[in-house]
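Accompanying notes for the structure given below.
Chain naming here is simple, since letters A, B, ... match the order of the sequence lines and numbering starts at 1 in each. The shown structure was predicted, so the numbers you read here are calculated from the model rather than taken from an experiment. Hydrogens, waters and symmetry mates are skipped; everything else that's a heavy atom, side chains included, is used.
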Amino acid sequence: MVKEYDDILDIDERIFEFEKKNNIVFSQNQKKAIKMALTQGVSLITGGPGTGKTTIIKCIIEIFEQEGKKVFLCAPTGRAAKRMQAACQKEAKTIHRLLEMTVTDSQVFFQKGPNNPLRCDVIIVDEMSMVDSYIMYYLLSATKDTTGLVLVGDKDQLPSVGAGNILKDLIRSDVVPYVKLTEVYRQSEDSFIVLNAHRINNGEFPHLQKNSDFYFIQKNSQEEILKTIVELVTKKLPNYLSADPLTDIQVLCPSKKGIVGMYNINKVLQQYLNPKDGSKKEVVYKENTFRVGDKVMQIKNNYSLEFTIIEGEEKGKVSTGIFNGDIGVIKDIDRAGGAMEIVFDDDKLVFYDFSLLDDLELSYAMTVHKSQGSEFRCIVMPVVETYPILMTRNLLYTAVTRAKELVVLVGKKSALEYMIANQKEAMRYSALYDFLKRKLKDTQLQAL
DNA sequence: TATACCCT
């Protein structure tokens, strides 16, 4: 991919038109990112939440399409693709689907590849932080030399669970042109969430101040932490924020196991927020009890699951697709019929067959990994000594930046300090960085 | 030791 677009004229003019039409003003840095994407064969845009990545993608798409260029949109997860599609009003797929991933008895392969490449002029990949070397390799194998690549993501979020550290290695190697977006437009300038997200990234302890939007409540035992979290979610925060404990407040856990792990917090919060009650229907499935009123999460992409829109302009419309990470509330349970009614995303009514229950979990609490890419009014997180691999700066940063209005950390100061200091996640034994540095001066990404 | 993504 060495093509450079020298054929798009008047980029400044086009950007200005986009600004006018959408009633926005880009910063110099944002314009630089757009121009880069429009003129370079491969480019990379990185920035935290609220730095304008999505708006920039929309502008890039619009200008490319005005030029008659064919643009494909993709992301590493189903939810990220769905969000991208909604934001851009243009079809977006998982990278896997774009490459036409096929599974036949334990064999996995991609229909798209060097002999059957993606036929388009530009591919835009969002949420690059979650892309691992495996899928990146196949994406590049299916990308023609004449197809441009625009890679977008937040380098400070959790790295892919799979092998590699693609986004950071690409930035570090300095082989691919990139723009770092730093200014945050979403929150007000005096937000402690933004300030402290930066401080955490710099290895500094958060600034704490009364009546701000960032709290750290010191508790030393796990039992105390659990008790505090229950009080916060059931009473204090709903009052303080006039918030709905189900939709506005999200507990995020570094790990699943333990007293303050996801499983246990879910169980305890269910008892307080939606207790057993003779009048409420429920179904016991394996370790979980699902009850009418419970907050739940779909944990596997289901492209064929049908839903009816029950709110807003599209009311009555029937469509399909509930994705890994989608959150819903159980409205009714029909045990004789073997199905329940769940409303996902506040507006999608699904008749959910019991045979799908392996793909459903309680969601009063979720792991920080699962929360990646989502945002909530308020997040609450236990901070304790847990598995060292989870006690990292990125994990803390990712959790904190999920909050739009309020962050409450509950736990041990020493554990919080440890996380802020711990950059170990960067320890990936990837040869990509060295490889890029040494060999790829001209062929660049082809051998990735 | 532990987080967890993709498809039919």
Side-chain angles (χ1 to χ4, degrees), chain A residues 74-84 92-113 125-139 141-142 153 156-167 251-265 297-305 320-326 355-356 358-359 361 363 365-374 381-399 402 415 418-419 422-428:
Chain A
C74 62
T77 69
R79 255 172 75 80
K82 178 179 132 181
R83 272 197 314 272
M84 194 184 193
K93 297 177 179 178
T94 61
I95 301 171
H96 309 73
R97 287 202 132 202
L98 187 69
L99 299 174
E100 296 173 29
M101 183 186 191
T102 311
V103 181
T104 57
D105 355 282
S106 78
Q107 278 264 344
V108 177
F109 66 98
F110 298 96
Q111 309 272 1
K112 291 291 173 188
V125 190
D126 199 2
E127 296 286 0
M128 266 301 292
S129 61
M130 292 190 260
V131 172
D132 62 19
S133 6
Y134 168 83
I135 197 66
M136 190 66 185
Y137 169 80
Y138 286 101
L139 175 62
S141 322
D156 299 313
Q157 284 201 41
L158 293 162
S160 56
V161 173
N165 207 351
I166 303 278
L167 184 58
V251 178
L252 301 180
C253 304
S255 91
K256 293 185 181 180
K257 297 177 199 166
I259 295 170
V260 293
M262 181 198 89
Y263 294 129
N264 193 49
I265 293 188
M297 183 197 270
Q298 173 75 8
I299 56 163
K300 212 173 156 192
N301 290 346
N302 188 327
Y303 290 86
S304 57
L305 196 53
T320 55
I322 298 294
F323 295 90
N324 187 355
D326 285 354
S355 64
L356 298 172
D358 274 327
D359 301 343
E361 264 178 5
S363 183
M366 70 171 83
T367 61
V368 177
H369 278 79
K370 271 274 183 221
S371 77
Q372 180 125 288
S374 301
M381 185 170 91
V383 181
V384 289
E385 269 94 14
T386 174
Y387 307 99
I389 205 164
L390 296 174
M391 295 191 64
T392 64
R393 183 186 293 179
N394 299 60
L395 188 134
L396 181 62
Y397 168 87
T398 302
R402 297 310 93 204
Y418 182 94
M419 291 182 90
N422 182 13
Q423 292 194 79
K424 274 244 180 65
E425 60 76 30
M427 285 298 291
R428 295 253 167 162

Selection from B:dC6, B:dT8, B:dT3 that lies nearest to any side-chain heavy atom of A:Lys300: B:dT8

Between B:dA4 (C1') and A:Tyr387 (OH): distance, integer Å: 15 Å

Value in whole Å for how far the P atom of B:dC5 lies from CD of A:Gln298: 12 Å

Integer-rounded Å distance: B:dA4 P and A:Tyr134 OH: 20 Å

Partner residues of A:Phe109 under the side chain to side chain contact (heavy atoms under 4.5 Å, CB included) criterion, sequence neighbours left out: A:Thr102, A:Thr104, A:Gln111

Whole-Å distance separating the OH atom of A:Tyr263 from the P atom of B:dA4: 8 Å

Touch class at under 4.0 angstrom, heavy-atom based, for A:Ile389 against every strand present: base

Contacts of A:Arg83 that satisfy salt bridge (charged side-chain N to carboxylate O under 4.0 Å, His left out) - sequence neighbours left out: A:Glu127

Touch class at under 4.0 angstrom, heavy-atom based, for A:Asn301 against every strand present: sugar-phosphate

Nearest-neighbour nucleotide for the A:Thr367 side chain, B:dC6, B:dA4, B:dA2 considered: B:dA4

Nearest-angstrom distance from the residue atom NE2 of A:His369 to P of B:dA4: 6 Å

Gap between atoms CE and P, on A:Met391 and B:dT3 respectively (whole Å): 14 Å

Closest approach of A:Pro382 to A:Ile265 (non-hydrogen atoms, all atoms of both residues): CG-CD1, 4.3 Å

Rounded interatomic separation in angstrom, taking CE from A:Met297 and P from B:dA4: 10 Å

Closest approach of A:Met381 to A:Leu252 (non-hydrogen atoms, all atoms of both residues): CG-O, 3.0 Å

Touch class at under 4.0 angstrom, heavy-atom based, for A:Tyr303 against every strand present: sugar-phosphate

Closest non-hydrogen atom pair, A:Ser160 against A:Met130: CB-O, 3.6 Å

Side-chain N,O (A:Arg97) to OP1/OP2 (B:dT8) below 4.0 Å: yes

Euclidean distance, atom CG of residue A:Leu252 to atom P of B:dT3 [Å, nearest integer]: 15 Å

Which nucleotide in B:dC7, B:dC5, B:dA2 has an atom nearest any side-chain atom of A:Thr94: B:dC7

Distance below 4.0 Å between A:Lys256 side-chain N/O and B:dA2 OP1 or OP2: no

